[in-house]
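Below is one structure; the comments refer to it alone.
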Amino acid sequence: MKQVALDIEINADQAVVWHEHLLYLLDQRVLPQEELFVQCQTVTDARNAIRAMVVRGAPAIGVTAAYAVVLAAREAWAAEGKGWIEALTAKLEMLAQARPTAINLSWAIGQMKSVISGLEDKDSDPEPALLETAMQIHRQDIAANRQMGAYAAELIEHPTSVITHCNAGALATGGYGTALGVIRSAHAQGKIERVYADETRPWLQGARLTAWELERDGIPVSLLVDGAAAARMALGGIDWVIVGSDRIAANGDVANKIGTYSLAVAAKYHGIRFMVAAPTSTIDMSVASGAEIPIETRAADEVLSCGGQRVAAAGVDAWNSVFDVTPASLVDAIVTEKGVIHSPNAKKLSKHMIR
Ligand code: MRU
């Protein structure tokens, strides 16, 4: 993968950039120490970048996939001309396999496929129409985040501190963020005193990304080691846990970064409310419950090492399941761009989705 220092002003809204006919991804593996972009010239480059965690976070993966379809179509058109659609199919299957849990990946590919099916003239270069759709998906994701922020800020009644997990910010989305979008909107209304960000082992998205975003926005942030959240809850002053999601099942069960479930259990015990902010593109009505959501496991070495240095004794193994499922019964509110679902269940979700 080719890393480049892109000559554009980086702000936290630019994790995914379409620039001079190519896709650039802010390399989240090296933040906050370095601000470099990975250049993607082909769909394979984009697939590899998603797999390698250059770009991560469900909505950002979706936006990346939309632009990756543009690259794939360009390759197929250049190689096959009028036979481009057939050549594209295998490329899109390969792209869809990049990571299994975030539904936004296949959602975005599905949106792009619908545009392809609807093309009136399938014998012309498809790139302009596909690029327009990818850009629209990108813009709509940012708009959805801002809308969620507005709805969710209403739920926060008094100034309070909150806990968040992983990174559900601008870096994890098209821009602004889901959980961090809520926090940004609520902070602008004077409702956020401090954000406690779980560091989120083993990739440290909380320490490296969430804290970086909040610090740049001037929102007070303190890091917690993942195991500290319950102890901090017990001290009081926290009204909400606010997280994003990689996939929400039709009954309201929520898949998110490993450790989210423990937070929800601890929040219930301490009488703290639990909010999930996610666009409707993260809701997968084809899976009845969280038990059907495919959960990604990654290499044990990610847990056995820290900062590239082996820390566990030789011969020790690790279980590196990178997401967990929080049952709907532990969720007080799911906030989407369409509004708020209080105490989610299957009936409420299906009503919400047809709004
Ligand atoms: O493994 P990651 O970093 O892709 O996991 C990301 C998360 O779990 C986020 O919380 C989720 O995608 C929501 S992002 C708006």
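Numbers here are sequence positions counted from 1. Just so you know, ligand 1 is whichever comes first in the structure, and atom 1 is the first atom listed for that ligand.
Contacts between V243 and ligand 1 below 4.0 angstrom, taking non-hydrogen atoms only, are absent altogether. Under 4.0 Å from ligand 1, the heavy atoms of C166 that appear belong solely to its side chain.
Ligand 1 lies less than 4.0 angstrom from a heavy atom belonging to R99. Heavy-atom distances between M53 and ligand 1 reach below 4.0 Å in at least one pair. Proximity of W203 to ligand 1 is not established, as no heavy-atom distance is less than 4.0 Å. Not close to ligand 1: V322, with no non-hydrogen atom less than 4.0 angstrom away. In this structure, A102 has no heavy atom closer than 4.0 Å to ligand 1.
Protein heavy atom at the shortest distance from atom 7 (C) of ligand 1 is D246 OD1, 3.3 Å.
Heavy-atom proximity to P59, at under 4.0 Å, picks out these atoms of ligand 1: 14 (S), 15 (C).
Between K257 and ligand 1, an N or O atom pair is found at a separation short of 3.5 Å. For T173, no nitrogen or oxygen atom sits less than 3.5 Å from a nitrogen or oxygen atom of ligand 1, counting backbone and side chain alike.
With I334 as the partner, the side-chain contact (heavy atoms from CB on, under 4.5 Å) test is satisfied by one option alone out of V340, T280, I248: I248.
Note that R208 lies outside the cation-pi zone of W212, set by a 6.0 Å cut-off to the ring centre and a 45° limit from the axis.
Closest to atom 14 (S) of ligand 1 by heavy atom, among G244, A172, G259, A179, is A172.
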